[in-house]
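Here, residue 1 is the first one in the sequence, and each next residue gets the next number.
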Amino acid sequence: MQPKRILKYVAALSVAALALTACGGGGDDADSGTAEGDMIINAHGTEPQNPLIPTNTNEVGGGHIVDAIFAGLVSYATDGSTELEVAESIESEDNLTWTIKLNDGWTFSDGTPVTANSFVDAWNYGANPDNAQLNAYFFNAIEGTDDEGNSTDGETLSGLEVIDDLTFEVTLKEAAADFPDRLGYSAYFPLPEVAFEDMEAFGEKPVSNGPYVLDEWNHDVEAVLSTNPDYEGNRTPENDGLTFKFYTDPDAAYTDVQSGVLDIMDQVPPSAVSTFQDDESIQAFTEPGSVNGTITIPSSMEHFGEDEEGQLRRQAISMAIDREAITSTIFDDTYTPSTDFSSPLMPDFTENIEGAEVLEFNAEEAKDLWAQADEISEFTGSFQLSYNADGAGNREWVEAVTNQIRENLEIEAEPNPFAAFAEFRELITNRELDTAFRTGWQPDYPSVYNYLGPIFGTGAGANDGDYSNPDFDQLLRQAAAAEDEATRAEHLAAAQAILMEDLPAIPLWNRDAIAIAAQGIEGVQVNWQNQPDYHLVTK
């Protein structure tokens with residue numbers, strides 16, 4: 001029998017803390033003059049893609065809000081360590097069947113109790129294929145689902161059983177020693193009974209159980225959150241509320257931070273990347289980070305299928321990109337060229353992945369690979385790279401990348417911009433975009449696995465390019481079942497070696513953990529996800 005796994009306090013995850021001190025400017029210790037009950041933090045945000053349903057929110061704009069208003073079985077500290085929150089204990093004798101006991105007394109913002117059914121019903125909803133939830137993939141480890149995380153048993157999963165009001169049991173298809181560490185992601189958040197009466201309407205004004213409550217969502221303008229007086233979890237707000245202001249122009253947002261109209265921003269526009277750390281009108285925070293940037297090339301694109309021609313062209317595109325030049329000239333060395341598909345901050349990171357030389361700039365080799373692909377089937381037309389123009393720096397780096405591809409491969413290549421992130425993501429989700437497109441990943445929990453399974457696993461919700469490789473999927477299963485970190489890292493490295501050959505997405509760089517704040521703002525800590533811990537921010 002395998003050793004008993006009990007998560008009772010904090011799971012040990014060796015992720016470096018990103019509790020940062022300001023690099024430029026500095027907070028003012030003087031009284032800000034803010035009246036009690038009126039310390040509202042105005043934070044940079046973007047319009048969410050969908051109604052705020054946890055199992056259907058997988059982008060940053062909606063994720064900021066969902067993470068702030070909901071609480072899960074576990075939560076993640078600033079350094080990435082896992083802490084029990086709604087759960088009192090998560091136990092297993094064999095890493096296959098898990099018994100989850102809830103703390104008594106948790107309630108939703110409408111006063112109804114958080115029970116075992118709150119989790120089981122929410123997970124069943126998320127896994128029901130009729131509901132087409134973007135985060136369904138996160139349930140694929142549970143008995144009664146297919147590889148895509150969809151239920152094979154109708155509306156309920158055979159691997160979920162409610163024992164009593166505060167206890168439920170989860171049976172997995174295969175042993176997964178890291179299962180408790182996954183449960184702080186939004187796909188696993190609970191839902192109240194009222195949600196199932198009209199889920200779309202619920203998503204516009206969720207009833208939640210987290211540190212904050214959504215008071216207003218004024219589309220394309222802002223989301224107004226107030227503190228939840230009944231919340232007694234790990235993330236007690238130090239402020240009196242958050243307002244996420246939705247911007248389509250990062251330069252406008254930066255200007256608002258300089259003037260104090262906006263209190264905190266989780267990125268820096270390219271126009272300020274070389275000067276923000278010396279800008280005395282703001283406070284600047286920066287450390288190595290976990291968010292990566294990639295280019296996804298869908299398998300459906302002509303000449304880029306999952307075959308020899310497609311592999312050659314993907315490798316040629318990758319080696320035609322001079323990452324060092326772009327991270328230096330455009331991002332002023334606040335980004336680091338990728339060496340794998342994850343981040344060096346992850347506890348199971350492995351250096352020197354087999355095949356990673358495809359991430360190194362080599363114009364001559366790139367041109368030769370492209371010529372080999374042309375011998376199979378000649379490429380005509382233009383290689384287009386789509387992106388959302390409202391993201392900081394996207395236009396500049398996309399133009400640089402397409403220029404390099406054009407020059408080094410001697411083909412037509414051009415940017416294809418979209419004004420707003422929500423529109424851009426909708427086209428990707430609906431498979432209505434027939435070009436390559438910019439992608440990136442902010443980890444959901446601290447593990448290399450999270451950069452691989454949700455993005456490249458067969459049928460995964462964030463598998464925007466529809467990649468599928470059974471050997472890769474098998475290595476993911478072996479990694480999840482591994483009892484020790486070294487074995488897990490070995491399987492994950494082997495899985496990445498397959499990705500280096502197939503290149504369903506092309507790794508570009510890892511973004512430093514950067515935040516800027518107005519003068520007078522205090523308590524800024526940037527966490528393992530490259531995001532400020534908004535509940536700690538004060539003024």
Side chain Ser109, main chain Asn209, donor-acceptor under 3.5 Å
no
Does Glu174 pair with Arg477 as a salt bridge, N-O distance under 4.0 Å?
yes
Quick one: does Asp147's side chain have a donor or acceptor within less than 3.5 Å of a partner on Thr458's backbone?
no
Do Ser92 and Asn95 have a side chain donor and acceptor closer than 3.5 Å?
no
Measuring only between side-chain heavy atoms, which start at C-beta, is Val120 closer than 4.5 Å to Asn124?
yes
Rounded distance (nearest 0.5 Å) linking atom OG1 of Thr78 with atom CG of Asn527
6.0 Å
Without hydrogens or angle criteria, can the side chains of Ser338 and Asp340 be said to hold a donor-acceptor pair below 3.5 Å?
no
Nearest-0.5 Å distance, CG of residue Asn56 to CD of residue Gln133
4.0 Å
Using distance alone, with no hydrogens and no angle criterion, decide if Asp348 and Ser447 have a side-chain donor and acceptor under 3.5 Å apart.
yes
Is the backbone N or O of Asn234 less than 3.5 Å from a side-chain atom of Tyr231, with the two atoms forming a donor-acceptor pair by type?
yes
May I ask you to say whether Arg182 pairs ionically with Asp178, meaning some side-chain N is under 4.0 Å from a carboxylate O?
yes
Does a side-chain N-to-carboxylate-O contact under 4.0 Å join Arg511 and Asp266?
no
Are side-chain N/O atoms of Trp441 and Asn450 paired as donor and acceptor at under 3.5 Å?
yes
Under a 3.5 Å cutoff, is there a donor and acceptor pairing between the side chains of Tyr534 and Asp67?
no
Walk me through whether Trp509 and Thr336 qualify under side chain to side chain contact (heavy atoms under 4.5 Å, CB included).
CA-CA 5 Å; Trp509 37 66; Thr336 304; 5.9 Å; no
Is a side-chain donor-acceptor pair under 3.5 Å present for Asp153 with Ser151?
no
In terms of relative ring orientation, are Phe168 and Phe119 parallel, tilted or perpendicular, with 30° and 60° separating the classes?
parallel
Taking His535's backbone N and O only, do any of them form a donor-acceptor pair with Asp533's side chain (distance below 3.5 Å, no angle check)?
no
For Asn135 and Thr55, which I'm curious about, is there any donor-acceptor pair between the side chains at under 3.5 Å?
no
Take Glu59 and Phe421 through the test side chain to side chain contact (heavy atoms under 4.5 Å, CB included) and record every step on the way to the result.
CA-CA 10 Å; Glu59 43 77 32; Phe421 181 71; 3.6 Å; yes
Over 60° means perpendicular and under 30° means parallel, so classify the ring planes of Tyr76 and Trp528, tilted if in between.
perpendicular
Hey, are Ser226 and Asp215 close enough side-chain-wise for a donor-acceptor pair under 3.5 Å?
yes
Quick one: does any side-chain atom of Lys173 pair with a main-chain N or O of Gly159 as donor and acceptor, under 3.5 Å?
no
Are Glu169 and Thr97 packed together at the side-chain level, in the sense that at least one heavy-atom pair is separated by less than 4.5 angstrom?
yes
Please check if any side-chain donor atom of Thr294 sits under 3.5 Å from a side-chain acceptor atom of Thr439, or the reverse.
yes
Could you check Asp512 against Thr334 for side-chain hydrogen bond (donor to acceptor under 3.5 Å, both in side chains), going step by step and ending with a plain yes or no?
CA-CA 6 Å; Asp512 283 358; Thr334 58; 5.4 Å; no
Would you call the rings of Phe138 and Tyr185 parallel, tilted or perpendicular, where under 30° means parallel and over 60° means perpendicular?
tilted
With Arg425 as partner, the option from Asn388, Asn58, Asp464, Asn50 fulfilling side-chain hydrogen bond (donor to acceptor under 3.5 Å, both in side chains) is Asp464
For residues Leu52 and Leu214, determine if any side-chain heavy atom of one lies less than 4.5 Å from a side-chain heavy atom of the other.
yes
Ignoring hydrogens and angles, tell me if any N or O in the side chain of Ser208 forms a donor-acceptor pair with the backbone of Ile69 under 3.5 Å.
yes
With a 4.5 Å limit on heavy-atom distance, are the side chains of Glu85 and Arg235 in contact?
yes
Keeping the roles fixed (side chain from Thr296, backbone from Gly465), state whether a donor-acceptor pair exists under 3.5 Å.
no
Taking 4.0 angstrom as the limit, do Glu91 and Lys101 come out as a salt bridge?
no
Verify whether one side chain among Asn218 and Glu216 offers a donor that lies under 3.5 Å from an acceptor in the other.
yes
